[in-house]
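The block underneath contains the structure these notes are about, expressed in structure tokens.
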Amino acid sequence: MRCYRCNGLMVQDSMIDMQETGNLWLESWRCVICGNVEDPRINRHRMIQKNGAPVHLLTRHATPAPARKPLKLSA
């Protein structure tokens, strides 16, 4: 298998997926040249984007942390 980014060699790799699929280990493909990773989830998102879905539908937005008050330094 060849990488679509750099045409380098892709090797099978095992990764940990602790959020989406419910499976702890996820089989994927990784390029030995550029490090590009291909797995079913990434491929699904690419297909959705290719078909015109807005990017914001594919990502989760974390709630920003509340702003901290500046510290007052006494002289």
Side-chain angles (χ1 to χ4, degrees):
M1 184 172 186
R2 293 285 176 189
C3 176
Y4 84 97
R5 287 175 58 190
C6 72
N7 206 29
L9 176 65
M10 299 287 280
V11 294
Q12 196 166 12
D13 200 359
S14 295
M15 300 191 159
I16 296 177
D17 180 18
M18 298 177 72
Q19 289 185 348
E20 291 296 319
T21 65
N23 298 327
L24 186 58
W25 290 99
L26 179 68
E27 294 298 321
S28 62
W29 292 88
R30 178 181 47 83
C31 178
V32 297
I33 304 296
C34 71
N36 179 44
V37 174
E38 299 261 341
D39 68 24
R41 181 177 174 204
I42 291 172
N43 290 337
R44 183 180 74 233
H45 285 196
R46 285 184 181 147
M47 290 300 291
I48 292 170
Q49 286 179 338
K50 185 178 179 180
N51 292 331
V55 175
H56 73 274
L57 296 177
L58 302 175
T59 58
R60 293 183 186 181
H61 298 286
T63 306
R68 294 184 181 179
K69 294 181 182 179
L71 295 176
K72 292 183 181 180
L73 301 175
S74 57

So CZ of Arg30 and CG of Asp39: to nearest 0.5 Å the spacing works out to 13.0 Å
For Asn43, the side-chain hydrogen bond (donor to acceptor under 3.5 Å, both in side chains) test, sequence neighbours excluded, returns none
Note: Ile33 and Cys6 closest approach over all heavy atoms is CB-SG, 3.8 Å
d(Asp13 CG, Cys31 SG) to nearest 0.5 Å is 12.0 Å
Side-chain contact test, heavy atoms from C-beta onward, threshold under 4.5 Å: evaluate it for Glu27 versus Gln12 and give yes or no. yes
For Val37 and Met15, the nearest pair of non-hydrogen atoms, with its separation, is CG2-CE, 3.6 Å
**Asked** Under 3.5 Å, is there a donor-acceptor pair between the Glu38 and Ser28 side chains?
**Response** no
Note, Asn36 side chain near Trp29 side chain (heavy atom, < 4.5 Å): no
